[in-house]
Every structure is written in C-alpha cells, then in structure tokens.
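Shown next, in structure tokens, is the structure this report addresses.
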Amino acid sequence: MLNPAQEQAVRSTEGRLLVLAGAGSGKTRVIVHRIAHLIREKGVSPLSILGLTFTNKAAAEMRERLESLIGSAEARQTTLSTFHSFCMQVLRKEIGRLGYTRDFTLYDERDLERLIKQLARDLLGHDGELPSLAPTRAALSDAANKTASGEDHTWHDKFSKELFGRLQSTLRAYNAVSFDNLIHLTIRLFEEHPDVLDRYQERFRYLMIDEYQDTNPAQFRLAELLAQKYGNLCVVGDDDQSIYGWRGAEVNHILHFKADRTIKLEQNYRSTPSILDAANAVIARNKNRHDKKLWSEGRPGEPIEVFNAPTDAEEAEAVAARILRFHEKEKLKWRDIAILYRSNALSRSLELALMQIAWQKEGHWVRGIPYEVFGGLEFSERSEIKDLFAYLRVIANEKDEEALLRIVNVPRRGVSDSFLDELTQENRSRKIPLWNLLEEIASGKRDAGSHVRGAAGVRTFVSLIESAKKRFATPPLADSLRWLLEEMQYKKAIEEEVKSDKMRLFKWENVEECVNALAQYEAGSEEPSLMDFISNSALGKPVFPAEKKKGHEDKVQLMTLHSAKGLEFPACFIVGLEDHILPHEKSMAETGVEEERRLFYVGITRARKWLTLSMARSRMRMGKAQPTNPSRFLFEIPKHLLNPTGHKI
DNA sequence: CAATAAGGTATTTTT
DNA sequence: TACCTTATTG
C-alpha cells in the first residue's frame, strides 16, 4: 500500500524527522498512517499526539482519514488543529497568567485594519497625510518580529514602533487578541511560565507539523518550544511550494531544519509524466531549494496545450470553449475543471465568458457554464452578519470597542458620528472603556450636551445590551438570539434601509441562517458558549451551511494560484501567463522571482491529466488596453512537452 | 447629516 | 474598468 519512502516516514517515529513531500506524493496519507502507527504499533496514547496544520480544511481532512483508519474513538483523542485553533485552546485556559481575562475576543484582519487606521490617524494628528496601509502593516509585522532591536532611526521606523506599541495596549484594553497575538501570547505564556510549558510538553510528546514550509518565525518558535523536551518533531512540507513568503513564512525553516533523518517523497500519484516533466523543469531553475524530482508511472499523457489570444476577452472565450469541449468530449464534470490565475482581477473576463457562452444540452440551447469563484465574499463578511456578530461580541465582551462602535447606531438610533467621536476621545483620555462611558450617559451621570437625540439612542442601546447579557446567560443561545433580533427590530431596520426587494429578502435570509448556525453549533457542542461560537467563526471554521457547501457543487472552479495549493483537478487552466502578472511586477522586489516560480509550479502540479496555459497579447489594465509579453516561465518548459494551438478551436 | 461627485487606486490572504 | 475613500453640497 505504502511505497518504500512513505513506509520509512511512517516508521520513523522518534527524534526529528523531515519529510520532503513533493506535490501529490501522498503527504496526508503518510501523516495519517504515521499517527496510526504511533498509536497501534508503538503504543503511544492518542492523547499525546499533536498535529498542527495551517488550514481548518487540512485539519478536518486529517481527522476524517484518521477516523476511517483507526476508528473514531481513538482518532478523536488526538489533537489535530490549526496553529491558531491550538493557541486559542491553550489561551482560553491559561491566558489569566498573562493578565487577560478568558472572555477575550479574537480580532480578524478587518477589525485590526480599522483599529490600525484609527490609531495611525491619532498618532499623526489630523494634518499629516496618512501613509497607505500596506507599508504600515508591513512595518508593524516587522516591529512584531524584531522585538525591540534598536534600529529605529528612520521616520517610518519610529512611527511604526510607536504604532505597534499603541496597537498592543489598545488590544489589551479591548480584551482582544489578533491572529498574530494568538501565537505570540502563547509563546510568551510558555516562556514566562515554564510550569505551563512543561505541562504541555508532557501532554504532547509527539508533534507533527504539516506544510512546514509555510511556518513563520513565531510558529517555528512555538513548535520548537513544545518539542524541546522530548525531541519528537516531525515536519512535513515542500520547499518548492512555499508561496507565502510575503506573509512572513520563512522557507529557511524547511531548508535548514535540523533533522535526525530526512525522507523525500518523490513518487507522484496525481499527474501525468508530461505534466511532471514540465513542473520539474520549471522548478529546477530555483537555486534555493532541496533537490527533488517528481516522477509518476504510466504513459506520458496529453501534451500541455498552450495558446495566446489577441485580447484578454478572447483568451477568456477560448478558455470557456475548451471547458465545453472537455465537458462534452472527455465527459468531465464541471467541478473537475479549474481556472487558475495570479490575481483576482483576472477573474472578471473569465466569469463573463463563462456566463455568456452558449451550448447545447440535451438538444436545447443553453447559455452559461456553472462556475464558482473561490474566495468571493465570505458569508461571514456580509454586512448584516457582521452586525449581528458585533452584537454577540459586545454581549460576550463589552470592552470590544471595534464591535461596539459598529453597532451603537445600528439600527439607526440617532447617535451621530460626531457624538461618537467626542465620546471616543473622552474615553481614551480618561482611560476608561467606551462601554462604561455609554453607561454613564445612559444613567445621566455624564451630560450629553447638545446631543439630545444621541443620548436617547445610547440609552436604548445600553439597556438593550444589558438585558441581552442577562438573556444570553441562560441557554439555549439560539433562543436568546431570536429574542435579540425581535428586541432590536432588526427585520424592520433591514426593511427600512435596504432599497431593493431582492436584497432585503436575501439579507433577512442570511440573518435566519445565522440563527440556524448558532442552533446547530449548540446541538453539536459539548459545552457551548457564545464566545466559543464567535471564536470558531473568527478562526475560519465553517459555521455556516453556505461555507460548508463550498467547492462541493458541480461547478467550474475559479481561484487564484495561492488558493489552489493543496487541491487537484483533472483539468487545469492557468491563464494570464504574462510578464508582470506571473511573475507579478510587484513581487519582484519583495519576495523575488523564485517565489513566483514556485507559484507557477504549484499551478502546474494541480493538474492530473490536462493542463492548458494561456496568455493575452493585450490586456486591459486600469481601463486601458496594454500590450503584454509572454511570461518568462513559459520558456522554461521544454518545447517537446508543449502543444501550441490557436486560441480558436 | 445624508446623498452625491470626484479622485485615487488596484498581488497573493491558510488563520 | 470598478471599487472604495474623501470632499462637497443641499
């Protein structure tokens, strides 16, 4: 069943093991079998096993496969979760040691962004130009990683250092934690409290990390801390698929891992030899990597089709036509086909072409091919859901000022922005939480001055939240949420604010979906709590049915090369293969060509049987048609593997 | 204060 | 082109 290399990886249970798992080499299989081997053959308790992944999906898949291998009773006792979920679990228990309370809120990137903007504005005074957010955030994460090195002589260094400090103390005051903090605080917990660390080291004696090439320095540190005592650390990954350098992932972690043993998995069970030859040839140009060469059994397979079209619109039409051909000639399902691109902006023309193409189905003409854009607006990103969650957040943690500010005037209660500005200024100078200030206003302790309407609004809001807090203290939660919706007259608010009938209905359905999700969560959880529900959602666990369904319907899949990692499709299209797009012009200075090449490599290795590469000679950029050049990476594929065709079929 | 107009901007985003 | 943020106006 397992090939020799896989077998070796499974049997190497002690010490530090590096498994270099090429694309499609059965990585998950190895991890799952290794865990099974530890439990069944080595007598290791499942409770001692910790598997860390980057995505909930990977963790879920691992758990599922482990369950079918060794049965769910034992599989459930292992800890298989994302870095962030793991840290969340630890901190919910132990964060008291760091001076936070256990009801802290997890801030997502949006929350954080808003907070940073606001703090940056305060810091600069209202006169200075606000530096754009991207460099500021980059500087912030630098500041986070540098940990007080003295190099802050440039203006921007000082600015970001100060901003970083303020961000941390503000988060503290809000009893909130960012994604990064989740990891950083866990590290701090372990470093400052050796007794706590020891407990976790004793508990988790066998540590495995998936997608190790994506670890950032904090995650690296965390893993090393946990593995320090027993030294059983197995890391699995592929340096050639390291594509998150721009987010702080450090390829050097996998390149320089101090291993007692290294095993390469090079046999591929996914793609045809032709596709692998192309992938190997491309990635071989990279200098900074572990030498590897993927191979697979069988006939070479179909050649890689490559074409260029005069314009991006025609490129998209050609892709749509080819998809139709795959569907009809090869009897592929729509979901067997993926279109991959470097940036989201490229999806537009593809979507248009897929919608417009006409074809015959059972003798009738139909228009359009079903498709799904991966990473479109998430359910939980929709405004009505965010509003609702903001309510839940305030109920669970009234210090959560981001959430508070979002909803004081939702639905409209006459609390104006200027009044809120005044209040936020005051709460900061008096160093009291905004919520307390609102309470003062509601009770008349603090005069609202000219804001008569605003004060009335605050009063209704405060009493709403206060009674909600009491309500939510007794289960079931879903009933409390229904009560809250009734009490705040949210349906009426939506009816008044939203113009189109369709949208109104849609939004209300989403709200109902939210109630269902909470009920479902409550039914399936051992000790349900409001905060846990909110955290799960913030951690990206699929709490809504719409999120669970994703990628399972029979639709052509459109996604970026980044989000394609880990997936596979019988037929793949990689579009927009032009210099400045892939490699992307902006990436060159940052993470360099090698990461862009790896991105292309990831794309190629998603395809099982058919791979089509395309480009447009002219592309719309900022509303203007611009001439383009073919991607330099195209020339790195050996010619004999390519089958150049016209854009028309 | 809200609706509207103009202007600037546009890589990737596991949690 | 299309979006989001900011400035202006009634």
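Proteins come first, then strands; the chains are lettered A, B, ... in the order of their sequence lines, and each starts at number 1.
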Item to complete: Figure out the NZ/P separation between A:Lys57 and B:dT15, and round it to whole Å.
Response: 10 Å
Worksheet item: Rounded to whole angstrom units, what separation is found between the CD atom of A:Gln626 and the P atom of B:dA10?
Response: 16 Å
Discussion item. Could you work out, with side-chain contact (heavy atoms from CB on, under 4.5 Å) as the rule, every residue matching A:Asn216, not counting sequence neighbours?
Written reply: A:Ala218, A:Gln219
Item to complete: Among A:Arg65, A:Lys57, A:Glu64, find the residue that satisfies the side chain to side chain contact (heavy atoms under 4.5 Å, CB included) test when tested with A:Glu61.
Response: A:Arg65
Worksheet entry | For A:Phe86, ring pair (Phe, Tyr, Trp, His ring centres under 6.0 Å) partners two or more places apart | A:Phe204
Discussion item. Taking ring pair (Phe, Tyr, Trp, His ring centres under 6.0 Å) as the definition, give me every residue that meets it alongside A:Phe83, ordered by chain and number, with sequence neighbours left out.
Written reply: A:Phe54
Worksheet item: With a 3.5 Å cut-off and just heavy-atom distances, do the side chain of A:Arg247 and the base of B:dT15 make a donor-acceptor pair?
Response: yes
Counting the atoms with a prime plus P, OP1 and OP2 as sugar-phosphate, which does [X] contact under 4.0 Å by heavy atoms, base, sugar-phosphate, or nothing?
X: A:Phe83; answer: nothing
X: A:Ser563; answer: sugar-phosphate
X: A:Thr560; answer: sugar-phosphate
X: A:Thr591; answer: nothing

Worksheet item: Passes salt bridge (charged side-chain N to carboxylate O under 4.0 Å, His left out), A:Glu594 versus A:Arg289? Steps please.
Response: CA-CA 10 Å; A:Glu594 296 216 342; A:Arg289 67 183 212 105; over 6 Å; no
Discussion item. For the base of B:dT12 and the side-chain ring of A:His562, does the geometry meet a stacking cutoff of under 5.5 Å between centres and under 30° between planes?
Written reply: no
Worksheet item: Is A:Phe54 stacked on the base of B:dT15, meaning ring centres closer than 5.5 Å and planes within 30 degrees of each other?
Response: no
Worksheet item: OP1 or OP2 of B:dT12 less than 4.0 angstrom from a side-chain nitrogen or oxygen of A:Asn344, does that happen here?
Response: yes
Worksheet entry | Any A:Asn56 side-chain N or O less than 4.0 Å from OP1/OP2 of B:dT14 | no
Practice prompt. Would you mind telling me which residue lines up with the more 5' stretch of DNA chain B, A:Ile243 or A:Asp417, judged by nearest nucleotide?
Written response: A:Asp417
Worksheet entry | First of A:Leu539 and A:Ser343 reached from the 5' end of DNA chain B, by closest nucleotide | A:Ser343
Fill in: A:Phe389/A:Phe533 aromatic ring centres below 6.0 Å
yes
Worksheet entry | Cation-pi geometry met for A:Arg270 and A:Phe569 (6.0 Å, 45°) | no
Item to complete: Start with the C-alpha gap between A:Arg598 and A:Glu595, add the side-chain angles, then the distance that decides, and say whether salt bridge (charged side-chain N to carboxylate O under 4.0 Å, His left out) holds.
Response: CA-CA 5 Å; A:Arg598 292 193 288 260; A:Glu595 183 154 313; 3.5 Å; yes
Atom pairs, protein N/O to nucleotides 1-5 of chain C N/O, distance under 3.5 Å:
residue: C:dT1; atom: O4; partner: A:Met622; partner atom: O; Å: 3.4

Worksheet entry | Selection from B:dT11, B:dT13, B:dT15 that lies nearest to any side-chain heavy atom of A:Lys586 | B:dT11
Discussion item. Counting runs of three or more consecutive pairs, Watson-Crick or G-U wobble, with each distance below 3.5 Å, where are the stems of DNA chain B?
Written reply: B:1-10 with C:1-10
Discussion item. Under the rule for salt bridge (Lys or Arg N to Asp or Glu O under 4.0 Å), what residues qualify as partners of A:Asp532, not counting sequence neighbours?
Written reply: none
